[in-house]
Amino acid sequence: MKKMTMIPLLAGFILGSTLWSGGFTNTTAAATSTTAPASVSTTADKSEKPQTNHLPNIKILATGGTIAGSSAANTDTTGYKAGALGVETLIKAVPEMKNIANVSGEQFANIDSTNMNNDILLKLAKRTNELLARDDVDGVVITHGTDTLEETAYFLDLVVKSDKPVVVVGSMRPATAISADGPFNLYNAVKVAGASSSKGQGVLVLLNDRIGSPRYISKTNTTTVDTFKSVEQGYLGAVVGDQVYYYNKAVRKHTTASVFDISNLTQLPQVDILYEYQNNGRYLYDAAVAAGAKGIVVAGAGNGNLSTASLEGAEAAGKKGVIVARSTRVGSGVVSPSTKDAASNFVSADSLNPQKARILLMLALTQTHDVKQIQSFFNEY
Ligand code: ASP
């Protein structure tokens with residue numbers, strides 16, 4: 001019985017892939033592009049007539065990734081092309097979504113998430129806010145590559161101005177693979193976005209039946225489908241069968257409680273990440289400052305520790321007004337604040353990993369350069 005249900009899904013993707021190649025041009029260009037197309041909506045505004053049924057109206061914003069990945073071989077789980085299929089193909093492959101929501105899609109970008117950049121991120125957040133402000137949208141699902149999914153999701157968690165659900169979803173196996181995880185992840189994401197219990201929970205990350213907060217969840221394995229883990233703080237909930245279950249709340253500030261407002265921003269300040277390792281020198285700090293960094297996140301050793309050479313570079317950066325956030329390379333735990341931090345223009349990144357500390361530091365720097373205020377952001381968000 002299980003095999004019987006898998007075949008139509010797979011066939012849907014393969015058929016969809018054909019439709020996509022025939023119906024839309026420039027797929028390859030979109031897949032490798034690092035900028036969001038100016039106008040990419042597929043079903044966008046025409047499908048959003050007021051619905052007369054009682055199902056939630058869920059908008060799917062597609063950005064690419066493995067969930068839209070395609071390969072000639074259905075056993076291929078590594079050498080495929082991410083961001084190859086269009087949003088309509090993804091939607092057609094899961095017709096069961098029609099039973100739980102009025103779903104419409106918008107092709108926002110079609111990239112490997114390693115090519116997500118500040119420009120696309122800002123546009124994505126603005127588009128998400130625009131959609132959430134509409135009465136005919138009850139929730140937004142964003143399909144995204146898993147490599148940098150946690151960064152986009154955390155950014156959205158800090159700048160979305162609505163308590164309507166936003167669910168960021170990806171997959172580890174391309175759409176063309178045997179036992180692809182994308183279709184069920186997408187179905188579950190739509191289910192979570194349409195659940196009244198998801199309101200006010202902040203932006204959510206959905207993979208492998210687990211619901212996580214972007215503040216806590218991270219990719220932890222290069223290839224397995226259970227890669228997204230919330231090691232220290234735990235998941236918020238799960239989807240089991242037909243039900244959405246919540247057990248925890250994200251207590252750090254997010255969405256409507258967040259002070260960060262991107263509505264008038266056209267760019268974000270440059271924040272770079274440097275990694276602590278044996279025998280390192282200060283030259284990478286000098287290079288980051290020379291390249292215009294306004295902030296530096298250090299993936300420090302242990303409890304956010306820096307070698308003597310790094311410390312020299314970081315202190316020199318601090319003297320030039322650059323904020324240095326001490327995170328850690330160890331993968332979990334809080335970097336405890338030091339009373340010496342503020343004097344050097346340093347902050348502790350709390351339990352944020354370096355890539356998420358970068359997101360918060362960029363937003364913090366849009367508000368202030370005061371090191372104490374920036375530390376308080378790291379304590380609260
Ligand atoms: N490289 C892919 C991406 O991040 C990986 C994935 O989606 O799983 O776009």
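Note that ligands are numbered from 1 as they come in the structure, with each ligand's atoms numbered from 1 the same way. Values below: every heavy atom of this structure, side chains too, minus hydrogens, waters and symmetry copies. Counting from 1, the numbers follow the sequence of the chain as shown.
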* Under 4.0 Å from ligand 1, counting heavy atoms only: the protein residues, by chain and number -> G65, T66, D112, S113, G145, T146, D147, S171
Indicate every side-chain donor-acceptor pair of residues 310-317 with a distance under 3.5 Å to a residue at least two apart or in another chain.
| residue | atom | partner | partner atom | Å |
| --- | --- | --- | --- | --- |
| S310 | OG | E276 | OE1 | 2.8 |
| S310 | OG | N280 | ND2 | 2.8 |
| S310 | OG | S307 | OG | 3.2 |

* To do: Begin with the C-alpha distance, continue with both residues' side-chain angles, and end with the deciding distance and a verdict on salt bridge (Lys or Arg N to Asp or Glu O under 4.0 Å) for D341 and R326.
  => CA-CA 9 Å; D341 277 341; R326 295 186 302 111; 3.0 Å; yes
What pairs of donor and acceptor atoms, side-chain ones from residues 203-215 against any protein atom, are under 3.5 angstrom apart with sequence neighbours left out?
| residue | atom | partner | partner atom | Å |
| --- | --- | --- | --- | --- |
| D209 | OD1 | N188 | ND2 | 3.2 |
| S213 | OG | R215 | N | 3.2 |
| R215 | NE | Y381 | O | 3.0 |
| R215 | NH1 | S351 | OG | 3.2 |
| R215 | NH2 | D350 | OD1 | 3.2 |
| R215 | NH2 | S351 | OG | 3.1 |

* Asked: Crowded around K126 NZ? As in, over 12 foreign heavy atoms under 6.0 Å?
  -> yes
* Do R134 and D136 meet the salt-bridge criterion of a basic N to acidic O distance under 4.0 Å? -> yes
Expected list for residues 235-245: side-chain donor-acceptor pairs under 3.5 angstrom, two or more places apart:
| residue | atom | partner | partner atom | Å |
| --- | --- | --- | --- | --- |
| Y235 | OH | F228 | O | 3.1 |
| D242 | OD1 | K191 | NZ | 3.3 |

